[in-house]
Undergrad: 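Below you'll find the structure I mean.
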Amino acid sequence: MLRVGLTGGIGSGKSSVSGLLAERGAVVVDADRIAREVVEPGTPGLAQIEQRFGATVLAPDGTLDRPALGAIVFADPAARRDLEAITHPLIGIRTRGLIEQAGPDALVVHDQPLLVEMGLAPMNHLTVVVGASERTRVQRVVRDRGMTEQDARARIEAQAGDVARHVVADAWIDNDGTPDELADRVAALWDERLAPFEDNLRADRPVLREVCATVVLHEHRPEWEARAARVVARIRHQLDAARIPYAGVEHVGSTAVPGLIARDVVDVQLRMHRFEDGGDALAGALRAAAIVGLREQEVRPHDWAPRPADWRTLLAGGADPRDVLRVHVREDGSAGALAALSFRDWLRADTRERTAYSELKSTVAHQFSSHDYPAAIERWYARALPRAREWAQSTGWSPG
Ligand code: ATP
């Protein structure tokens, strides 16, 4: 099952996008709707609210008087916490129930207006944000919802801003254009990303092979850092949820070095205190973060740490066909874990070595086939590692 979190500010077109995704076969779970359902007349939720806040929060027809309740919790943080203590568990149970009902091969779109405000992005496999300029959004809600311009701007002001939304967005759907343009963008997102993503996830098939088929090098992209941060947050969330202890998760590899050219592949290292800590649950926790195909990687020890165990690495890959990802699981303090971190920090610190590595990469990419590229890079890496070690020792470097 693929779980997609969908969000966007008021009037951005989020509901239009969830409608279009539902037409393609997605199961839409609507957070706003669930929040209303759990406090409908006759529900235990409404009974608990009445017990805590009194009959004044009920309208004459027995439904929840939202403005009356809103006035109470707006002025009193303790009352607000009490309300949340009633509604949040009920919302959680209903949401989980709907997601489970969707079935193992479903593509679930969780429409979460407060995804950013509540920090929910790491729980999903992919976050899609619908965006439109403030001007467009105000025009739409004034036109279609009869809201005043002032009210619309106040609502926008009270929500998360575009900068915070961009931070969590794996995919950004721009909806400043026409409804037809929106439909085309959603269709492309479905065909090129969501459907193959779900397929890869179900088949436990990482998106690594295609990447290795070509060597296209790019100038450093700030987007790589943001991508890695989203992956790190997902991994941490799932390991914590599964109560698997770990020492650290960090962005490593060429995309973690500003100024270095790199393939469009983000590498993340997960350091375990001991491999056994993960056990069989590790693969499950990674899969919940859309990272699949966990397996032993062939290792090449180096002279200064000749035991293969020092380099033991489990490798997994992302199931997202667009943002290609490799996850290297190593033991904390092992030669492999330290090498990945010190190599990154050495290249970040040493402009001359960074430039030399960039030049070597582009030469190798031109001279060798994509098949030979990794081996050629590996030869350079083997010679460079002792220099990175010397640098680490002479500067008193320590990981993290
Ligand atoms: P809210 O957060 O208030 O629920 P929303 O992000 O779900 O808003 P929608 O309800 O999908 O937004 O869209 C707001 C209004 O703008 C709707 O009336 C919708 O029909 C209209 N709309 C959406 N996309 C477009 C578009 N590309 N061009 C014109 N109108 C649009």
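Whatever order the structure lists ligands and atoms in, that order sets their numbers, starting from 1.
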Undergrad: I need the nearest protein heavy-atom contact for atom 5 (P) of ligand 1: residue, atom name and distance, please.
TA: Lys14 N, 3.5 Å
Undergrad: Any N or O on Gly177 sitting closer than 3.5 Å to an N or O of ligand 1?
TA: yes
Undergrad: Which heavy atom in Ile10 sits nearest to a heavy atom in Gln159, and how many Å separate them?
TA: N-OE1, 2.9 Å
Undergrad: Show me which atoms of ligand 1 lie under 4.0 Å from any heavy atom of Ser15.
TA: 4 (O), 5 (P), 7 (O), 10 (O), 11 (O)
Undergrad: Out of Asn175, Asp176, Asp174, which residue meets the side-chain hydrogen bond (donor to acceptor under 3.5 Å, both in side chains) rule with Ser133?
TA: Asp176
Undergrad: Only one of Arg227, Arg234, Arg193 passes salt bridge (Lys or Arg N to Asp or Glu O under 4.0 Å) with Asp170; say which it is.
TA: Arg234
Undergrad: Just go through Thr7, Asp144, Thr178, Asp176 and tell me whose heavy atom is the nearest to atom 21 (C) of ligand 1.
TA: Asp144
Undergrad: Give the ring-plane orientation class for Trp304 versus Trp311, where under 30° counts as parallel, over 60° as perpendicular and anything between as tilted.
TA: perpendicular
Undergrad: For Val207 and Ala319, which heavy atoms make the closest approach, and how far apart are they?
TA: CG2-O, 3.6 Å
Undergrad: When you check the side-chain N and O atoms of His328 and Asp267, is any donor under 3.5 Å from an acceptor?
TA: yes
Undergrad: Just to confirm my output: which protein heavy-atom neighbour is closest to atom 2 (O) of ligand 1, and how far is it?
TA: Ile10 CA, 3.3 Å
Undergrad: Among the heavy atoms of Arg145, does any lie under 4.0 Å from an atom of ligand 1?
TA: yes
Undergrad: So, 4.0 Å and heavy atoms of Gly11: is ligand 1 close enough to count as a contact?
TA: yes
Undergrad: Counting non-hydrogen protein atoms only, what is the nearest one to atom 9 (P) of ligand 1? Give residue, atom name and distance.
TA: Gly13 CA, 3.7 Å
Undergrad: Can you spot which of Trp391, Trp397, Tyr381 makes a ring-ring contact (aromatic ring centres under 6.0 Å, His included) with Phe343?
TA: Tyr381
Undergrad: By number and element, which atoms of ligand 1 are closer than 4.0 Å to a non-hydrogen atom of Gly9?
TA: 2 (O), 6 (O)
Undergrad: Is the closest heavy atom of Arg137 to ligand 1 under 4.0 Å?
TA: no
Undergrad: Please check if atom CE in Met123 has more than 12 non-hydrogen atoms from other residues, nucleotides or ligands closer than 6.0 Å.
TA: no
Undergrad: Considering non-hydrogen atoms of the protein only, which is the closest contact for atom 30 (N) of ligand 1, and what is the distance?
TA: Arg143 NH2, 3.1 Å
Undergrad: Among all protein non-hydrogen atoms, which one is nearest to atom 26 (C) of ligand 1, and what is the separation to 0.1 Å?
TA: Arg140 NH2, 3.3 Å
Undergrad: Looking only at non-hydrogen atoms, which of Asn175, Asp180, Leu182, Asp30 approaches atom 27 (N) of ligand 1 most closely?
TA: Asn175
Undergrad: Between Arg330 and Thr313, do the side chains contain an N or O donor and an N or O acceptor separated by less than 3.5 Å?
TA: yes
Undergrad: Counting non-hydrogen protein atoms only, what is the nearest one to atom 23 (C) of ligand 1? Give residue, atom name and distance.
TA: Ser16 OG, 3.3 Å
